[in-house]
Protein chains: 2
Amino acid sequence: MSEIQRPGALYQQVAAAIREAILSGEFAPDSLLPSEAQLMARYGVSRPTVRNAIAALRAEGLIDVRHGKGSFVRSSGQPVLTIERRISRTTDGAFVMPGGDIWQESEEPSAYRTRTTKITGRLLGLGEEEALFGCDRLLVDPGTGTRAMHRTLIPFEVAEAVPLLAEEPCSHPAEIYRLLTQDGHKLTWTETVRAHMPLPDERTTLQLPDATPILHIARVAHGTDDRPLFLEELRFGADRAELAYRITADKQPARRTRT
Amino acid sequence: MSEIQRPGALYQQVAAAIREAILSGEFAPDSLLPSEAQLMARYGVSRPTVRNAIAALRAEGLIDVRHGKGSFVRSSGQPVLTIERRISRTTDGAFVMPGGDIWQESEEPSAYRTRTTKITGRLLGLGEEEALFGCDRLLVDPGTGTRAMHRTLIPFEVAEAVPLLAEEPCSHPAEIYRLLTQDGHKLTWTETVRAHMPLPDERTTLQLPDATPILHIARVAHGTDDRPLFLEELRFGADRAELAYRITADKQPARRTRT
DNA sequence: TGACGTCACTTGTCCTTACGAGTGATGACT
DNA sequence: AGTCATCACTCGTAAGGACAAGTGACGTCA
């Protein structure tokens, strides 16, 4: 069970052996792997080599290591929370978004003023360094413990053009959609989905385990003439939640888009 | 520029210092970082400590290291390819999907027979171990070099119920949608989006850099009575491509969904 | 001039040693 | 019996040394 030669570096051979044992079910999810000392003996290698192999498996998200306890096979668990990216409107004109009743705010939303970056400027159809109202929230789903960072961005010129909007730039998105609609806009939305590894601050505020990517959604509300009015960002750990969309066929032939 | 004490481990202090220098722009994207030897001298630490710090930055996706050359600041590059998740139908009844004209198949698609897993079974409204036609393709966008893995799964019972489908279970999805429609189905689709770290084989076939998550989309076609008929999976590196969706407001109030 | 070998630089791998720090059980002391 | 110190086990951090392997420039040789 210990002699392997094929691929390349020693630690990769060790990592491959452990990985195979995990994927084949020899090491069940949530079970305790052999300790570093045992792996050293089992494969006849030094501790740095064992630790290097373990580091590779951590980076793949296959195992979790707990100081003083050992390495555990990560319960490959599929996401436990499905976030429906849909928008509905009730007969009395209010907007309802799935998740609006799931998430709870863990703190007071923090409002601030900022400026567009290259990315947010592009999404909002503006240049760089345009003035914005910003509002950040930390959302928590008490059922699953899932945490998410939520941000809304409203251009100054939009806030000033819409009655009541400039006074409450940190309202709930559903309320903002209602104000925009009352102002005569017929809203449609586009969403952009990306994934990336967390920076340390995202890792801590979202309480992410090792090797857990972040799913990052940017929802832009478009009003009359398809003009971008409002940006809503959501980011959360991809280990706990997944996204769900509904699609129906258009009538017109589609054209590809590239950036 | 070398004395730091705050956070915790030495290598974390070194990593924090380098990270700050990168994010503040002191080290420009694509520029060469100091070599390990230089960092050892600069911070007065040993090589393992420097390498540990560098490993942390690699795991965050901030730098790329090339053997024999050095460490480079990753050009934080936003995705260069936007994949529109939309479906259109032309007047003559054919289905058109954006990306159908972008992607090229790098090899012959490989057809096979398999069985549902827990995940695919749930998506297709079946149990486990139900018989399926499978078809895998490797797609490449010659413009950006982006690679993607594509998979279609058709339950046996669906293939047998639809004329012509069982003979060509590895057709292009647009063709399959046409056959399903000709059989009398009015199609709608649901998509589930997840992100996870690649396994070694995904890493190699998609040619992914370090610390690059995979975006994984499962599109399910629903026919009459909302019955799931057909599963289409797409996965690609989140460093190169992003997803785009279009949303319009429903009429009915929405209800949350949990799994 | 051109081809090629060498050399200096880089990171990659692997080993040894040592100690710090978190965890849980064991056992002694009150 | 209950409390708490100790200990054995785990992983985390840090240092040192040695050699392999990839890269590119420089200089020599034909």
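What you see below is based on every heavy atom in this structure, not just the backbone, and it leaves out hydrogens, waters and symmetry mates.
- Remark: of the listed residues A/H172, A/E108, A/E105, A/E107, A/E105 is the sole one forming a side-chain hydrogen bond (donor to acceptor under 3.5 Å, both in side chains) with A/R137.
- Regarding A/L32, its CG atom lies at a distance of 12 Å from the C1' atom of D/dC11, rounded to whole Å.
- At a threshold of 4.0 angstrom between heavy atoms, the contacts of A/R47 include nucleobase atoms, whether or not backbone atoms are also involved.
- Using a 4.0 Å cut-off, some side-chain N or O of A/T49 falls inside it from OP1 or OP2 of C/dC15.
- In this structure, B/L39 places its CG atom 17 Å from C1' of D/dA14, rounding to the nearest Å.
- Using a 4.0 Å cut-off between a side-chain N of Lys or Arg and a carboxylate O of Asp or Glu, B/E36 and B/R51 qualify as a salt bridge.
- Position along DNA chain C of the nearest nucleotide to B/P48 versus B/E36 favours B/E36 as the more 5'-ward residue.
- Remark: A/R235 engages A/E202 in a salt bridge, criterion side-chain N to carboxylate O under 4.0 Å.
- Using a 4.0 Å cut-off, some side-chain N or O of A/R51 falls inside it from OP1 or OP2 of D/dG12.
- At the phosphate of D/dG24, OP1 or OP2 sits under 4.0 Å from a side-chain N or O atom of B/K69.
- Atom pair B/Y43:OH and D/dA15:P shows a separation of 15 Å (rounding to whole Å applied).
- Between B/I54 atom CD1 and C/dT13 atom C1' the separation is 15 Å, expressed in whole Å.
- Under the 4.0 Å criterion applied to side-chain N and carboxylate O atoms, B/E130 and B/R115 are not assigned as salt-bridge partners.
- If you find the closest nucleotide of DNA chain C to A/G68 and to A/V45, the one lying nearer the 5' end belongs to A/V45.
- Using a 4.0 Å cut-off between charged side-chain N and carboxylate O, B/R203 and B/D210 make a salt bridge.
- Rounded to whole angstrom, the span from the CE atom of A/M40 across to the P atom of C/dC15 amounts to 9 Å.
- Checking the phosphate oxygens (OP1, OP2) of D/dT10, a side-chain nitrogen or oxygen of A/S35 falls inside 4.0 Å.
- C/dC9 atom C1' lies 16 Å from atom CZ of B/R66, rounded to whole Å.
- For D/dG12, the OP1/OP2 oxygens have a side-chain nitrogen or oxygen of A/R58 closer than 4.0 Å.
- Straight-line distance from the NE2 atom of A/H67 to the P atom of D/dC11: 9 Å, rounded to whole Å.
- Here the nucleotide nearest the side chain of B/L10, chosen from D/dA14, C/dG12, D/dG24, is D/dA14.
- Taking side-chain N and O atoms only, A/Y11 has a distance below 4.0 Å to OP1 or OP2 of C/dT13.
- The interatomic distance linking B/N52 (CG) with D/dA15 (C1') rounds to 13 Å, in whole Å.
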